[in-house]
Amino acid sequence: MAPRRLGRAFFARQTLNVARELLGQKLVRLHPGGVRLSGWIIEAEAYIGSDDLGCHARHGRTARNESMWGPAGRAYVYFTYGMHWMLNIVTEAEGFPAAVLIRALFPDEGLPSMRRRRRGSPDVRLTDGPAKLCRALGINRSFDGVDLCRAETRLFLESLPQVDEASVTRGPRVGLNTVPEPWQSVPWRFRVRPEIVQGLFKED
DNA sequence: AGCACGATTAACT
DNA sequence: GTTAATCGTGCTC
């Protein structure tokens with residue numbers, strides 16, 4: 001049975017639901033030449049609107065965060081710390097700035113390419129951070145604004161069964177250390193339980 | 001024009 | 001646990 005691509009309707013919903021339901025879905029990067037790089041999403045965070053003081057949209061609409069204001073199902077890719085790219089997927093209605101940050105993957109296809117891009121990292125560290133997975137998959141500025149729902153894109157998501165509730169943990173978002181409350185502590189981070197991810201690595 | 005800092009990572013004590 | 005790396009971005013002057 002051929003896997004189905006996640007379409008616009010999946011992303012054009014409440015960001016918290018999208019973030020939760022992205023767990024277990026497969027992120028696929030099509031390499032030039034047809035090689036597939038992919039991994040299952042195991043961690044994601046919601047950033048919701050310009051009132052959310054942890055969200056880049058708190059500055060209003062700017063050149064950098066423009067993609068977040070666009071239609072759902074596009075990539076919002078930004079540069080930070082002078083060296084790292086981060087991948088988000090835009091959610092909700094066009095004109096409302098919200099997105100889900102993809103924070104970690106369990107690597108599946110294209111391991112040799114990922115190892116080349118992330119030279120020196122063991123497989124368990126290949127895609128276990130938001131900047132690491134962008135590096136491993138070769139995601140950079142050129143992906144900002146790309147529509148992940150179109151047939152010919154080189155980046156998209158494939159639909160897989162939902163991760164069951166018992167396998168999911170929820171908590172505060174990471175790295176918002178100077179953000180005012182309640183935004184620093186709202187439980188908008190979703191993860192597949194670490195012990196389950198460890199089990200996935202052991203199966204290989 | 002200048003400045004402080006970031007949705008992080010790897011290396012080190 | 002602490003810190004350097006490294007530069008685009010948004011804010012202040």
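Note that the structure is a prediction, hence the values are computed from the model and not measured. Residue numbers start from 1 in every chain, and the chains themselves are labelled A, B, ... in the order their sequence lines are given, proteins ahead of strands.
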### Query
Starting at CG of A:Asn177 and ending at C1' of C:dT2, how long is that distance when rounded to a whole Å?
14 Å

### Candidate nucleotides C:dT6, B:dT9, B:dA7, ranked by approach to the side chain of A:Ala131 - the nearest
B:dT9

### Message
Do A:Ile41 and A:Ile102 have side chains that approach each other closer than 4.5 Å (heavy atoms only, starting at C-beta)?
### Response
yes

### Task
Test the A:Arg154-A:Phe143 pair against the cation-pi criterion, namely NZ or CZ under 6.0 angstrom from the six-membered ring centroid and within 45° of the ring axis.
yes

### Task
Tell me what A:His59 touches on the nucleic acid: a base, only sugar-phosphate, or nothing, going by heavy atoms under 4.0 Å.
sugar-phosphate

## Note on the structure
The reported gap from CG in A:Asp108 to CZ in A:Arg36 (rounded to nearest 0.5 angstrom) is 8.0 Å

## Note on the structure
Mate of B:dA7 across any strand shown (Watson-Crick or G-U wobble, both atom pairs under 3.5 Å) is none

### Task
Output yes when at least one side-chain N/O atom of A:Thr62 is less than 4.0 Å from OP1 or OP2 of C:dG10, else no.
yes

#### Entry: Interatomic distance, A:Arg58 CZ vs B:dC5 C1' [rounded to whole Å]
10 Å

### Task
Identify whether a stacking contact exists between A:Phe79 and C:dG8, where the ring centres must be under 5.5 Å apart and the planes under 30° apart.
no

### Message
From OH of A:Tyr78 over to P of C:dT6, roughly how many Å is that when rounded to an integer?
### Response
20 Å

### Task
Using a strict 4.0 Å threshold on nitrogen-to-oxygen distance, state whether A:Lys202 and A:Glu195 make a salt bridge.
no

### Query
Is A:Tyr81 touching bases, backbone alone, or none of the nucleic acid, heavy atoms closer than 4.0 Å?
base

### Task
Using atom CG of A:Asn88 as one end and atom C1' of B:dG6 as the other, report the distance to the nearest whole Å.
14 Å

### Query
Which part of the nucleic acid, if any, lies within contact of A:Arg64, taking any heavy atom under 4.0 Å across all strands shown: a base, the sugar-phosphate backbone alone, or nothing?
sugar-phosphate

### Message
At less than 4.0 Å, is any side-chain N or O atom of A:Arg118 found next to OP1 or OP2 of B:dA10? Yes or no.
### Response
yes

### Message
Could you check whether A:Arg8 makes a cation-pi contact with A:Phe10, meaning its NZ or CZ is under 6.0 Å from the centre of the six-membered ring and within 45° of the ring axis?
### Response
no

### Query
Whole-Å distance between B:dA7 P and A:Asp144 CG?
15 Å

### Task
Send over the distance from A:Trp85 CH2 to B:dA7 C1', rounded to a whole Å.
15 Å

### Query
Does B:dG6 have OP1 or OP2 sitting under 4.0 Å from an N or O in the side chain of A:Thr178?
yes

### Message
If I take atom CG in residue A:Leu53 and atom P in nucleotide C:dG10, what distance separates them, rounded to the nearest angstrom?
### Response
16 Å

### Query
Among C:dA5, B:dA10, B:dA7, which nucleotide sits nearest the side chain of A:Ser121?
B:dA10

### Query
Which whole-number value in Å describes the distance from A:Leu101 CG to B:dG6 C1'?
13 Å

### Query
So, is the end of the A:Arg5 side chain (NZ or CZ) under 6.0 Å from the ring centre of A:Phe156 and within 45° of the ring's axis?
yes

### Message
With rounding to the closest Å, how many angstrom separate the P atoms on C:dT6 and B:dG2?
### Response
22 Å

### Query
Under 4.0 Å between a side-chain N/O of A:Arg103 and OP1 or OP2 of B:dT8, yes or no?
yes

### Message
On DNA chain C, compare the nucleotides closest to A:Met83 and A:Arg141; which residue's is nearer the 5' end?
### Response
A:Met83

### Task
Pick base, sugar-phosphate or nothing for A:Gly54, based on heavy-atom distances below 4.0 Å to the nucleic acid.
base

### Task
Report which part of the nucleic acid A:Met86 touches: base, sugar-phosphate, or nothing (heavy-atom distance under 4.0 Å, all strands).
sugar-phosphate

### Query
Looking across every strand, which nucleic acid part, if any, lies under 4.0 Å from A:Arg135 by heavy atom: base, sugar-phosphate, or nothing?
nothing

### Query
Within the structure shown, what part of the strands sits under 4.0 Å from A:Arg125 by heavy-atom distance: base, sugar-phosphate, or nothing?
nothing

